[in-house]
Amino acid sequence: MQIKELLSDIEIKDSFNIMTQIYQDLGKEKYIFNLKIAMENGYKIAAVYKEDKIIAVIGINVTDDIRYGKAIRIEDFMICRSNRGIGAGKMLLKWVDWQALKFKAEVILSNLGSERKESHKIFLREGFEIDGISFKK
């Protein structure tokens, strides 16, 4: 397995199938359009590859947070259901640690849906703490 930041149109398109495991209602054209705009505004996306196929993705933003100062916010996190338990999640979160060092971020933040129990386990195992509840309107 290897990890790589996604930059090209082909790499972005290849990440779509994994992202639809989080966002089932996401259309491919809308995904590509929104992702490119997000990347223009600082969003970074990385993927774990196994045998030249993307099996896991993570998306982050580097932000200035009034509470924490410089922060990395994990926006998206998904491991292909058929490839769980092989270390891909750990690789993704190590990449985020490296980004935090690179950008001198004080903290790494993430909001995960309450139904995403497997992701909760990975985050807790990798040293994250539960720090609140998210709301949306």
Side-chain angles (χ1 to χ4, degrees):
M1 289 189 302
Q2 66 178 6
I3 192 164
K4 178 181 178 186
E5 185 173 343
L6 305 182
L7 300 171
S8 76
D9 288 352
I10 292 171
E11 293 167 338
I12 291 166
K13 287 177 185 175
D14 288 347
S15 69
F16 174 74
N17 290 336
I18 301 297
M19 285 298 212
T20 58
Q21 291 184 22
I22 308 172
Y23 312 119
Q24 291 85 19
D25 60 344
L26 188 63
K28 192 169 196 173
E29 299 305 317
K30 181 178 181 182
Y31 169 71
I32 293 167
F33 179 79
N34 288 346
L35 183 54
K36 287 184 177 184
I37 290 172
M39 290 172 75
E40 289 172 9
N41 292 302
Y43 180 90
K44 296 179 166 298
I45 184 170
V48 173
Y49 286 80
K50 178 181 172 190
E51 300 171 5
D52 298 324
K53 183 179 176 190
I54 294 176
I55 63 163
V57 293
I58 196 161
I60 64 167
N61 273 311
V62 180
T63 64
D64 292 302
D65 187 272
I66 61 170
R67 181 176 176 191
Y68 298 109
K70 184 70 72 178
I72 300 279
R73 187 170 301 279
I74 299 172
E75 304 289 347
D76 303 294
F77 179 80
M78 186 65 204
I79 303 161
C80 179
R81 290 180 177 94
S82 63
N83 285 280
R84 293 187 176 160
I86 62 171
K90 186 178 195 96
M91 287 177 72
L92 292 173
L93 293 175
K94 291 296 179 195
W95 180 81
V96 175
D97 288 341
W98 178 74
Q99 295 296 309
L101 288 171
K102 178 179 171 183
F103 290 102
K104 298 178 175 61
E106 302 289 323
V107 68
I108 300 168
L109 306 167
S110 182
N111 292 324
L112 292 168
S114 57
E115 74 286 353
R116 300 199 50 215
K117 305 293 186 209
E118 294 299 317
S119 295
H120 299 176
K121 290 178 190 175
I122 294 168
F123 275 66
L124 290 169
R125 186 174 60 235
E126 294 302 314
F128 285 79
E129 300 170 353
I130 297 173
D131 187 46
I133 300 172
S134 293
F135 294 89
K136 75 175 185 176
K137 183 174 180 181

### Query
Can you tell me if CD1 on Ile10 sees more than 12 non-hydrogen neighbours from other groups inside 6.0 Å?
no
### Task
Please report the closest heavy-atom contact between Ile72 and Ala100, naming both atoms and the distance.
CG1-CA, 3.9 Å
## Note on the structure
Residues passing the side-chain hydrogen bond (donor to acceptor under 3.5 Å, both in side chains) test with Asp25, sequence neighbours excluded, are none
### Task
Kindly compute the distance separating CD (Glu29) from NZ (Lys13), expressed to the nearest 0.5 Å.
7.5 Å
### Summary
residues 30-67 vs ring pair (Phe, Tyr, Trp, His ring centres under 6.0 Å), sequence neighbours excluded, gives Phe16-Tyr31
### Summary
CD1 of Ile86 to CD1 of Ile55, rounded to nearest 0.5 Å, is 4.0 Å
### Message
According to side chain to side chain donor-acceptor pair (under 3.5 Å), does anything in residues 86-99 pair up with another residue at least two apart or in another chain? List the pairs.
### Response
Lys90-Glu126
### Task
State the CG-CG distance between Asp76 and Leu92, to the nearest 0.5 angstrom.
11.5 Å
### Query
What distance do Glu11 atom CD and Asp9 atom CG have between them, rounded to the nearest 0.5 Å?
9.5 Å
### Task
Might you point out which heavy atoms bring Gly42 and Asn61 nearest each other, and give the distance in Å?
C-OD1, 3.7 Å
### Message
Connecting only ILVMFWY residues whose side-chain heavy atoms lie within less than 4.5 Å of each other, what is the rest of Tyr68's hydrophobic cluster?
### Response
Val107, Leu109
### Query
Is the shortest heavy-atom distance from the side chain of Ile58 to the side chain of Val48 under 4.5 Å?
no
### Distance-minimising heavy-atom pair for Ile12 and Leu7
CD1-O, 4.0 Å
### Task
Name all residues meeting the salt bridge (charged side-chain N to carboxylate O under 4.0 Å, His left out) criterion together with Lys28; count only those two or more places apart in sequence or in a different chain, and write none if there are none.
none
### Message
I'd like to check Glu75 versus Ile60 (side-chain heavy atoms, cut-off strictly below 4.5 Å). Are they in contact?
### Response
no
### Query
Which atom names give the shortest non-hydrogen contact between Met78 and Gln21, and what distance separates them?
CE-OE1, 3.2 Å
### Query
Measuring from Ile54:CD1 to Lys4:NZ, what's the distance to the nearest 0.5 Å?
9.0 Å
### Rounded distance [0.5 Å steps], CD in Glu106 versus CG in Asp65
10.5 Å
### Summary
Residue pairs passing the salt bridge (charged side-chain N to carboxylate O under 4.0 Å, His left out) test with at least one member in residues 38-55, sequence neighbours excluded, are Glu5-Lys44
### Where Ala56 and Ala88 come nearest, the two heavy atoms and their spacing
CB-CB, 3.9 Å
